[in-house]
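Computed from a predicted model, the values in this text were never measured in an experiment.
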Amino acid sequence: MRSADSGRAVFALAFVVLGLLSLFSGDFAYVWQPVPPGLPARAVLACLSGAVMLLGGVGLLLRRTHAPASFVLLVYTLVWLLVLHVPRVIMGPQHEVNWGGCAEIVTLVAGCWTLYACNARPGRAPYIAALSGANALRMARLAFALALPLIGLEHLIYAKETADMVPAWLPYRMGWAYVTGIAHIAAGFAMALDVLPRLAATLEAWMMGIFTVLVWMPMVMAAPSQRFVWTGCMISLVITAAGWIVASSYRDAPWLSFSRARNRVIALALR
C-alpha cells in the first residue's frame, strides 16, 4: 500500500472512532469541539456531528467515495474551525492556547483539502475547480505550514504543561517541550518557504506520530474506559494522519529541494 493510501486510511479510521465516541456519548469532543453547554438540542447536534465524522471516515476508506467523502469532511472541518475556534481567537487573541487550538483544526482542514485537491476530477460530483488541482494543493500545504508555528508556540509558552505530558522515563522533560516546539516552528517555516518541504513535512508527521504513541496511547491503556483519553488520542492521531497526507503529497518532489529559496537567489543575482 502506498504511503498516501496508508495516511488516508489512518485519517479515516481516526474520524470513524471520533464519530463513534460522539454517537455513543451524545457529546462533542471536549476542548477540541468547545460547544457551549447550554446550546439547544446540543445532544442531537453532537450525534449529527458524530454521524458526519463516522460516514465521512467510512467514505474515505472506499476508493469510489473517498473524493466526495474528503469534500464532506473538508466542509465539516471548516465549519468546525470557523464556528468553534475562530470566535475564541477573536474574543481572546492574547491567549496563545486559543491560537494553538485553532491551528490544530487547521491541520485537519488542510488534510481534507489535500485529499480533495489530489482526487477531485471534472465531471465527478462534487467538483469545485477552485478547491482542486495544483494551485489548491499549494494552498492546502500552506495552510498546514502556517498552523505549525502556532502549535509550536503553544509548546514554548506552556512549556511546563507540555513537559508534564512527556513520559516520566524520558530524561530532560522540559527540554523535550522546547525541542518539539522549536521543531514545529522550523517545519512550518520550511514548508511555507519551500525549503526542504518534503523532508520537513515528513519529519513533522513522524514527530506527531511519536507524540501520539508515547503520550496518548499509554494514557488510553492506563484508563481505557475514559472517553477523554480516547478523544485526545484520536485527535492526536488524526492530526498525525493529516501531516502524513500532506507529506505524501510531496512524493514527486526531491527530498533535498530548495526551490523557492533557489529562485530568490537567482532573481537577486540577475538584478
Side-chain angles (χ1 to χ4, degrees), residues 1-15 56-57 59-78 81 103-122 124 126-151 183-184 186-209 212 236-263:
M1 183 180 291
R2 295 184 306 169
S3 177
D5 290 335
S6 300
R8 174 168 56 87
V10 174
F11 197 62
L13 290 172
F15 268 117
L60 286 180
L61 291 171
L62 305 175
R63 183 168 296 277
R64 290 186 178 181
T65 58
H66 73 245
S70 63
F71 177 76
V72 170
L73 288 174
L74 171 58
V75 174
Y76 171 80
T77 54
L78 190 59
L81 172 69
E104 288 181 351
I105 309 308
V106 170
T107 65
L108 303 190
V109 174
C112 295
W113 193 359
T114 299
L115 287 175
Y116 182 74
C118 292
N119 294 290
R121 297 291 182 270
R124 297 182 182 178
Y127 177 75
I128 299 178
L131 297 177
S132 61
N135 288 334
L137 179 57
R138 280 192 288 271
M139 294 300 295
R141 289 168 172 170
L142 181 60
F144 186 85
L146 294 179
L148 297 182
L150 295 174
I151 296 173
H184 281 306
F189 277 109
M191 292 176 64
L193 297 174
D194 271 348
V195 178
L196 305 176
R198 183 180 182 183
L199 181 62
T202 301
L203 292 176
E204 173 67 24
W206 271 100
M207 183 173 68
M208 291 189 294
T212 302
S236 184
L237 185 62
V238 78
I239 293 173
T240 298
W244 191 348
I245 288 165
V246 173
S248 296
S249 75
Y250 286 102
R251 60 185 175 272
D252 295 329
W255 284 100
L256 301 178
S257 171
F258 295 86
S259 56
R260 190 174 300 179
R262 184 178 65 247
N263 291 339

Closest non-hydrogen atom pair between Ala242 and Gly111, with its separation: CB-CA, 4.1 Å
Met191 CE to Leu148 CG distance, which is reported to the nearest 0.5 Å: 6.5 Å
Gap separating the CD atom of Glu204 from the CD1 atom of Ile151, nearest 0.5 angstrom: 7.0 Å
Closest contact, heavy atoms only, Phe15 versus Gly57: CB-CA, 4.2 Å
Atom pair CG (Leu131) and SG (Cys112), whose distance is rounded to the nearest 0.5 Å: 12.0 Å
Spacing of Ile239 atom CD1 and Thr107 atom OG1 [to the nearest 0.5 Å]: 4.5 Å
Enclosure of Tyr76 OH (heavy-atom neighbours >12, cutoff 6.0 Å): yes
Expected output: side-chain Arg251 to main-chain Ser248 donor-acceptor under 3.5 Å: yes
Thr114 side chain to Ser249 side chain, donor-acceptor N/O pair below 3.5 angstrom: no
Spatial distance of atom CG (Leu61) from atom CG (Asp5) [nearest 0.5 Å]: 11.0 Å
Test item: Phe71 and Ile128 side chains (from C-beta on) under 4.5 Å apart, heavy atoms: yes
Residue pair Leu150 / Val106, side-chain heavy-atom distance below 4.5 Å: no
Pairwise side-chain contact, Thr77 with Trp113, heavy-atom cut-off 4.5 Å (strictly under): no
Closest non-hydrogen atom pair between Thr212 and Leu237, with its separation: OG1-N, 3.9 Å
For Arg141, the option from Leu146, Asp194, Val246 that meets side-chain contact (heavy atoms from CB on, under 4.5 Å): Val246
Ala120 versus Ser132, closest heavy-atom pair with distance: CB-CB, 3.8 Å
Note, Leu108 side chain near Leu73 side chain (heavy atom, < 4.5 Å): no
Met207 CE: over 12 foreign heavy atoms closer than 6.0 Å: yes
side-chain contact (heavy atoms from CB on, under 4.5 Å) between Thr202 and Tyr250, worked out: CA-CA 9 Å; Thr202 301; Tyr250 286 102; over 6 Å; no
Minimum-distance pair of heavy atoms, taken over all atoms of Arg198 and Pro254: CB-O, 4.1 Å
Side-chain heavy atoms of Leu115 within contact of Phe11, under 4.5 Å: yes
Which atom of Ala190 lies closest to which atom of Ala200, heavy atoms considered: CB-CB, 3.7 Å
Side-chain heavy atoms of Arg8 within contact of Arg63, under 4.5 Å: yes
Val10 and Thr240, any side-chain heavy atoms less than 4.5 Å apart: no
